[in-house]
Q: 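I am attaching a structure below and will ask some questions about it afterwards.
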Amino acid sequence: ENNKFKEQLLKFEENIMFSFDPRTTKILHITDNPLSIERNKLMKELKQLRERNANDNVNEQLNSKLADELRQRIINLELKNADSELSNKRLKEVLKQKIQEMRKTWFDLFGYQVDLLQDKHYRVRPMFASQNDFLLFKAAEDGSLQLLETEYSSLIQENIH
């Protein structure tokens, strides 16, 4: 008998679940039900993620373009630097050659060899003098030259005015 009641109960529940009369039954929808709220939150988050992804793609494209431009600028600057270094090297070679030419001409014309030493000191050696026979000058702040005492300058002191 207990089984009989269970079967009837099951039939009754099935009838209630799958058949309803719209005249007597109303379906109510909760406007703020938890499922709708959660669905709206997820949709909003999805939209934000899609926008962020689109922005990231744009930023990535901009960063890539900027990196390419910077690489090109670096290459151009390196080329300019190489050209400048080559120009400087050539200028130094020409200047060195001209200085040597001027020193030789000075020696040939006036018979004196002029050597630049450190700290604005200049050594002047006559053409036919020995290694120790030289005059030593120092350039002053005002541009004038001062004769410094050497063994040779003390020997020719009477000829210096």
Side-chain angles (χ1 to χ4, degrees), residues 17-18 20 22 26-161:
M17 288 176 71
F18 294 110
F20 69 91
K26 282 189 173 183
I27 298 177
L28 299 176
H29 294 281
I30 302 172
T31 56
D32 288 334
N33 67 25
L35 181 63
S36 295
I37 292 172
E38 193 61 31
R39 183 178 181 277
N40 289 339
K41 282 182 186 177
L42 290 174
M43 292 303 285
K44 186 176 181 181
E45 185 178 348
L46 179 64
K47 182 180 177 185
Q48 289 174 345
L49 289 173
R50 284 183 178 158
E51 288 173 358
R52 187 180 308 157
N53 188 27
N55 287 340
D56 288 347
N57 287 340
V58 168
N59 287 339
E60 187 176 307
Q61 290 171 354
L62 288 175
N63 287 339
S64 175
K65 185 177 181 181
L66 182 61
D68 289 342
E69 289 176 8
L70 289 176
R71 276 189 218 101
Q72 189 60 41
R73 274 184 86 185
I74 288 171
I75 289 169
N76 289 342
L77 289 174
E78 286 174 346
L79 290 173
K80 283 182 182 179
N81 188 31
D83 289 345
S84 295
E85 286 177 359
L86 185 60
S87 294
N88 278 346
K89 184 178 176 185
R90 288 179 184 160
L91 184 62
K92 284 180 183 179
E93 289 172 0
V94 168
L95 188 59
K96 186 176 181 179
Q97 180 185 2
K98 291 296 180 184
I99 288 173
Q100 291 294 71
E101 185 180 311
M102 188 274 313
R103 289 180 70 214
K104 184 180 179 329
T105 303
W106 186 271
F107 186 71
D108 291 343
L109 285 175
F110 301 112
Y112 289 96
Q113 178 180 346
V114 179
D115 297 318
L116 172 62
L117 307 174
Q118 76 274 1
D119 296 330
K120 297 183 181 181
H121 285 77
Y122 302 93
R123 179 176 52 211
V124 178
R125 182 176 301 139
M127 183 184 297
F128 300 111
S130 69
Q131 283 294 99
N132 294 332
D133 293 343
F134 61 87
L135 297 173
L136 191 61
F137 293 91
K138 179 181 180 182
E141 294 293 325
D142 62 357
S144 64
L145 294 173
Q146 299 173 350
L147 177 63
L148 301 177
E149 184 83 23
T150 64
E151 197 176 301
Y152 183 67
S153 68
S154 61
L155 290 175
I156 60 168
Q157 188 68 34
E158 67 234 19
N159 294 333
I160 300 174
H161 301 289

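For clarity, every value in this text was computed on a predicted model and none was experimentally measured.
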Q: So how far is it from Leu135 CG to Arg125 CZ, rounded to the nearest 0.5 Å?
A: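 Between atom CG of Leu135 and atom CZ of Arg125 there are 10.5 Å.
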
Q: So do the side chains of His121 and Leu148 get within less than 4.5 Å of each other, counting heavy atoms only?
A: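 Heavy-atom side-chain distance check passes, below 4.5 Å.
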
Q: Kindly compute the distance separating CD1 (Ile37) from CG (Asn40), expressed to the nearest 0.5 Å.
A: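 Nearest 0.5 Å value for the CD1-CG distance: 8.0 Å.
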
Q: For Glu45 and Leu42: C-alpha separation, side-chain torsions, deciding distance, then whether side-chain contact (heavy atoms from CB on, under 4.5 Å) applies.
A: CA-CA 5 Å; Glu45 185 178 348; Leu42 290 174; 4.3 Å; yes

Q: When Lys98 is tested against each of Glu101, Met102, Gln100, Lys96 for side-chain contact (heavy atoms from CB on, under 4.5 Å), which residue passes?
A: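 In the set Glu101, Met102, Gln100, Lys96, the residue that makes a side-chain contact (heavy atoms from CB on, under 4.5 Å) with Lys98 is Glu101.
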
Q: Taking side chain as C-beta onward, heavy atoms only, is Lys89 less than 4.5 Å from Glu85?
A: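 No, every pair of side-chain atoms sits at 4.5 Å or beyond.
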
Q: Salt-bridge test for Asp115 and Arg103: reply yes if a basic N is under 4.0 Å from a carboxylate O, no otherwise.
A: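 Salt bridge present between Asp115 and Arg103.
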
Q: Using 0.5 Å steps for rounding, measure from the CD1 atom of Ile74 to the CG atom of Asn81.
A: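 If we round to the nearest 0.5 Å, Ile74:CD1 and Asn81:CG are 12.5 Å apart.
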
Q: For Gln113 versus Phe107, what's the shortest heavy-atom pair and its separation?
A: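 Between these two residues, the closest heavy atoms are N-CD1, 3.6 Å.
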
Q: From Arg90 CZ over to Leu95 CG, what is the distance, rounded to the nearest 0.5 angstrom?
A: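 Arg90 atom CZ to Leu95 atom CG measures 16.0 Å (nearest 0.5 Å).
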
Q: May I ask you to check whether over 12 heavy atoms, not counting those of Phe137, lie within 6.0 Å of atom CZ?
A: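 Yes - once you tally the heavy atoms of other residues, nucleotides and ligands closer than 6.0 Å, there are more than 12.
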
Q: Taking all non-hydrogen atoms of both residues into account, name the closest pair between Tyr152 and Pro126 and its distance.
A: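 Scanning both residues, the minimum pair turns out to be OH-CG, 3.6 Å.
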
Q: With rounding to the nearest 0.5 angstrom, report the NZ to CD distance, Lys44 to Gln48.
A: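 CD of Gln48 is found 6.0 Å from NZ of Lys44.
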
Q: Quick one: pull up CG in Leu46 and CE in Met43 and give me the separation to the nearest 0.5 Å.
A: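 So the gap between those two atoms works out to 6.0 Å.
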
Q: So, Ser153 side chain and Glu149 main chain: donor-acceptor pair closer than 3.5 Å or not?
A: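 Checked: no pair found.
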
Q: What I want to check is whether the side chains of Asn132 and Ser130 have a donor and an acceptor closer together than 3.5 Å.
A: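 There is no such pair between these side chains.
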
Q: I would like to know whether Leu117 and Leu136 meet side-chain contact (heavy atoms from CB on, under 4.5 Å); could you show each step before the answer?
A: CA-CA 10 Å; Leu117 307 174; Leu136 191 61; 3.6 Å; yes

Q: Looking at every non-hydrogen atom in both residues, tell me the closest pair between Tyr112 and Trp106 and how far apart they are.
A: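 The pair with the smallest heavy-atom distance is O-CD1, 3.0 Å.
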
Q: Phe134 and Thr150: which non-hydrogen atoms are nearest, and at how many Å?
A: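 So the two residues come closest at O-OG1, 3.1 Å.
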
Q: Under a 4.0 Å threshold between the charged nitrogen and the carboxylate oxygen, would Arg71 count as salt-bridged to Asp68?
A: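 Yes, Asp68 and Arg71 are salt-bridged.
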
